Amino acid sequence: MKLFKHYIYSMKPYKYLIIAIAGLLTGLAGCNDDFLERGPLSKINDALFWKTPSDLEIYINNLYSKNGLLPNYNSSYYNVIGPYTDDAFDGSDLLIQINYNKRINGENTLPTSGGGWQTSDWELLRNINYFMAHYQQVDAEFSRIAQYVGEALFFRSVFYFNKLKRFGAVPWTSTLLDPSSDELFENRLPRNDVVDSIMLDLDRAIEYLPARGSGSWTGRITKETALALQARIALYEGTWEKYHGLKGTPFQVQNGDRGTHFLEKAVAAADSLMLRSATTGYPALDNIGQPDAYWNLFNQKDYSTSKEVLFWRKYSTAADQLFNRWINISYTGAGVGITKRLVDLYLCTDGKPIYTAPGVKNPLYQGDDSLTTVVRNRDPRLNQTICVPDGKHYRWKPDTYFENPMLVAVLDTRCVTGYQMYKGHSADKTEYDNRKGTNGCIYFRYAEALLIYAEAKAELGTITQEDIDKTVNALRERAGMTGMLNKDNITPDPNWLFATTGPAAVSPLLQEIRRERTVELACEGFRVDDIFRWAAVDELLTGYRPKGARLSQWPDIQASPPDYIAEDQDGYIDPYAQFPPMENGYQFKIGRDYLYPIPTNELTLNPSLRPQNPGW
């Protein structure tokens with residue numbers, strides 16, 4: 001394993017860093033407005049602090065707060081359904097918002113300042129490294145403080161993963177710097193070296209953190225959560241390096257191994273979770289054999305007893321008044337809509353696609369003339385992801401059911417496509433009336449680890465049918481599917497989304513594993529990251545104009561639609577017909593927009609940050 005020289009962000013005018021240092025020494029913000037925080041930290045006096053393990057706990061508690069590492073979607077968010085609308089706001093092809101995404105359309109511009117690189121954007125790293133520089137002052141056995149060190153390493157990994165996804169190569173530091181440190185003016189670390197450093201941090205975090213096992217939920221990061229994060233990051237970087245390399249994009253990693261060792265790391269981390277599952281029963285999939293097993297996973301107020309949800313955020317309307325607002329708009333559509341592309345991805349119950357050859361329908365497929373027919377004989381997860389007027393989909397419990405999507409609604413809370421999201425919807429009418437929702441927010445769940453294992457092993461060419469059975473097929477079985485995935489007997493799909501020929505060709509098995517990931521994790525905030533790591537914007541987004549459901553199933557609206565509802569020549573809702581820049585679909589700049597630029601003033605302050613990201 002490589003050892004790295006550690007760098008930090010380059011704020012050349014010393015006043016910027018002095019402000020950051022002073023901010024740490026005089027006080028961390030007292031953000032105690034959610035369950036994961038245990039109390040404000042108003043001042044740190046180094047001579048008096050750093051005495052007991054409790055001091056470390058107090059400090060670390062602030063990293064659980066509303067700092068962007070674990071978004072809380074709390075009362076300040078009025079236009080999201082927790083994580084279930086992140087894909088729409090990120091620019092996904094499968095879930096869209098009312099307005100088209102300007103980044104995906106190539107309309108981003110080069111900022112002079114800010115842009116995710118200003119002092120405040122790096123303050124969290126400073127806070128974490130401040131802890132790492134001081135925790136050893138506590139006079140206690142390491143076993144009593146190891147957990148808090150592991151949590152700090154976990155959060156530093158989250159911080160750097162977010163920076164990596166935004167900028168690629170970034171400065172790295174694991175030490176505490178001062179205004180005279182030479183490292184302030186060093187260059188950026190190559191992205192694969194950044195991820196190697198993240199892996200080292202997570203290896204230590206996994207060693208230090210306690211396992212939950214059969215223990216009770218504490219609200220703190222555990223060994224299992226760190227393994228899930230490590231698997232997630234390793235898969236991201238492994239596939240980024242592989243596919244950007246195969247396609248020869250400007251974002252490929254030089255002098256790397258095309259991501260092989262990261263894919264191996266993803267397998268190892270996921271395998272560790274699966275071994276724990278087999279030996280201790282935790283983690284495991286929830287709701288097996290239960291009705292609406294999939295939908296019920298995403299509308300719980302408390303996941304303390306869940307074996308699948310590894311880490312989550314709890315809300316309450318009691319004394320702390322920590323609640324979310326997405327219950328206000330989930331019943332109307334929340335200003336987003338699932339696209340026809342996602343609906344078409346769901347297999348029929350026999351495990352075969354809706355078309356088995358060009359122009360040849362699967363006999364089980366009943367077409368998409370209505371919401372009730374489009375879900376018939378399909379993967380049950382489709383019926384539990386979109387709203388269907390079948391007298392079973394709740395608008396409000398216990399007896400008010402969904403009838404039609406709210407294509408027309410006030411305050412931009414309508415359903416954009418006619419495929420209104422049911423996943424994540426809270427049907428608690430009392431909480432709606434009080435405008436205070438308490439459905440829990442899921443950050444990590446075991447199903448993702450199973451999918452990571454299957455995908456990484458398939459990318460490495462080492463996957464077996466046994467691997468598929470305990471990952472992909474286990475998820476299908478939980479959902480109630482009858483058709484399982486057989487690696488040696490895959491029905492070709494004429495509408496596979498990814499290239500089947502060429503240097504970056506995706507095998508039939510990988511096509512289906514990617515489909516499974518897309519379906520199981522639909523609308524959970526993974527899609528844009530997946531498209532980018534697969535270097536698949538040219539296949540999935542360039543020239544793509546998302547479509548919705550058939551408008552003819554709502555004849556009153558079709559007869560007299562408002563200005564914002566249009567249908568294409570085939571009768572499908574065309575949400576972006578009103579936007580001239582979308583006339584020819586998204587115009588993502590392939591050689592530029594996979595990464596954000598570094599603001600120009602930062603390159604002036606520290607020329608060592610050059611070269612600028614490609615295309616900018």
Side-chain angles (χ1 to χ4, degrees), residues 195 227-228 230-247 253 256-275 277-278 285 345-347 351-353 379 381 445-479 481 483-493 495-522 526-527 529-536 539-540:
V195 180
L227 282 166
Q230 187 173 64
R232 179 185 292 181
I233 297 173
L235 179 72
Y236 182 93
E237 187 60 20
T239 48
W240 178 289
E241 293 188 18
K242 178 174 182 176
Y243 286 98
H244 283 276
L246 289 172
K247 288 192 172 184
V253 174
D257 63 357
R258 292 285 173 88
T260 297
H261 77 287
F262 291 125
L263 291 170
E264 291 170 345
K265 192 70 170 179
V267 170
D271 186 55
S272 182
L273 282 172
M274 294 165 67
L275 181 61
S277 177
L285 297 178
L345 279 173
Y346 288 81
L347 297 170
K352 297 178 181 180
D379 183 328
R381 286 170 291 191
R445 64 184 181 100
Y446 182 52
E448 181 196 353
L450 297 181
L451 292 163
I452 290 171
Y453 183 84
E455 183 180 346
K457 291 208 74 174
E459 291 288 2
L460 291 167
T462 61
I463 195 167
T464 66
Q465 185 60 45
E466 182 182 2
D467 294 329
I468 293 170
D469 290 341
K470 61 186 181 182
T471 56
V472 170
N473 287 339
L475 292 171
R476 291 189 182 183
E477 184 177 6
R478 188 263 295 275
M481 277 280 282
M484 298 292 130
L485 177 59
N486 183 329
K487 65 186 285 288
D488 298 318
N489 186 24
I490 294 174
T491 301
D493 185 345
N495 298 311
W496 271 329
L497 294 180
F498 305 97
T500 56
T501 60
V506 176
S507 69
L509 179 58
L510 261 173
Q511 299 271 4
E512 291 306 314
I513 289 174
R514 289 185 181 185
R515 184 203 302 270
E516 190 69 25
R517 176 182 175 87
T518 301
V519 165
E520 176 66 29
L521 302 181
F526 293 97
R527 183 60 173 180
D529 283 351
D530 286 347
I531 292 173
F532 280 23
R533 67 183 176 88
W534 292 328
E539 297 167 272
L540 302 185

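Note that the structure is a prediction, hence the values are computed from the model and not measured.
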Beyond-backbone contact of R232 with F526, side-chain heavy atoms, under 4.5 angstrom: yes
Non-hydrogen atoms of A447 and E520 that approach each other most closely: CB-OE2, 3.8 Å
Can you list every salt bridge (charged side-chain N to carboxylate O under 4.0 Å, His left out) pair that touches residues 496-508, not counting sequence neighbours? none
Determine, step by step, whether F262 and T239 satisfy the side-chain contact (heavy atoms from CB on, under 4.5 Å) criterion, reporting the C-alpha distance in whole Å, the side-chain angles of both residues, the deciding distance to 0.1 Å, and the verdict. CA-CA 8 Å; F262 291 125; T239 48; over 6 Å; no
Could you measure the distance from the CG atom of D467 to the CE atom of M274? Nearest 0.5 Å is fine. 7.0 Å
Kindly say whether L451 contributes a backbone atom to a donor-acceptor pair with the side chain of E516 at under 3.5 angstrom? no
For the residue pair A536 and K247, what are the closest heavy atoms and their distance? CA-NZ, 4.1 Å
If you round to the nearest 0.5 Å, how far is CZ of R478 from CG of L450? 9.0 Å
Which heavy atom of A474 sits nearest to which heavy atom of L285, and what is that distance? O-CD1, 3.9 Å
Go through the steps to decide whether R517 and L235 satisfy the test side-chain contact (heavy atoms from CB on, under 4.5 Å), and finish with yes or no. CA-CA 13 Å; R517 176 182 175 87; L235 179 72; 4.1 Å; yes
From E455 atom CD to T471 atom OG1, the distance as rounded to the nearest 0.5 Å: 11.0 Å
Without placing hydrogens or testing angles, list every side-chain donor-acceptor pair under 3.5 Å for residues 483-490, not counting sequence neighbours.
{"unit_1": "N486", "atom_1": "OD1", "unit_2": "D488", "atom_2": "N", "d": "2.9"}

D271 side-chain N/O to A268 backbone N/O, donor-acceptor pair under 3.5 Å: no
More than 12 foreign heavy atoms under 6.0 Å from NZ of K470: is that the case here? yes
For R476 against G351, the heavy-atom pair lying closest together: NH1-CA, 4.4 Å
Hey, are E477 and N473 close enough side-chain-wise for a donor-acceptor pair under 3.5 Å? no
CD on E459 to CH2 on W534, rounded to 0.5 Å: 9.0 Å
Please report the shortest heavy-atom distance between A266 and A234, naming the atom on each side. N-CB, 3.6 Å
Quick one: CD1 on I513 to OH on Y453, what's the gap to the nearest 0.5 Å? 11.5 Å
Do any pairs count as a side chain to side chain donor-acceptor pair (under 3.5 Å) and have a residue in residues 504-514, sequence neighbours left out, and if so which ones? Y243-R514, W496-E512, E512-R515
Minimal heavy-atom distance between P353 and D493, with the atoms involved, is CB-OD2, 3.4 Å
To the nearest 0.5 Å, what is the distance between CZ on R527 and OG1 on T518? 4.5 Å
Between E241 and L263, is the side-chain contact (heavy atoms from CB on, under 4.5 Å) condition met? List the steps. CA-CA 10 Å; E241 293 188 18; L263 291 170; over 6 Å; no
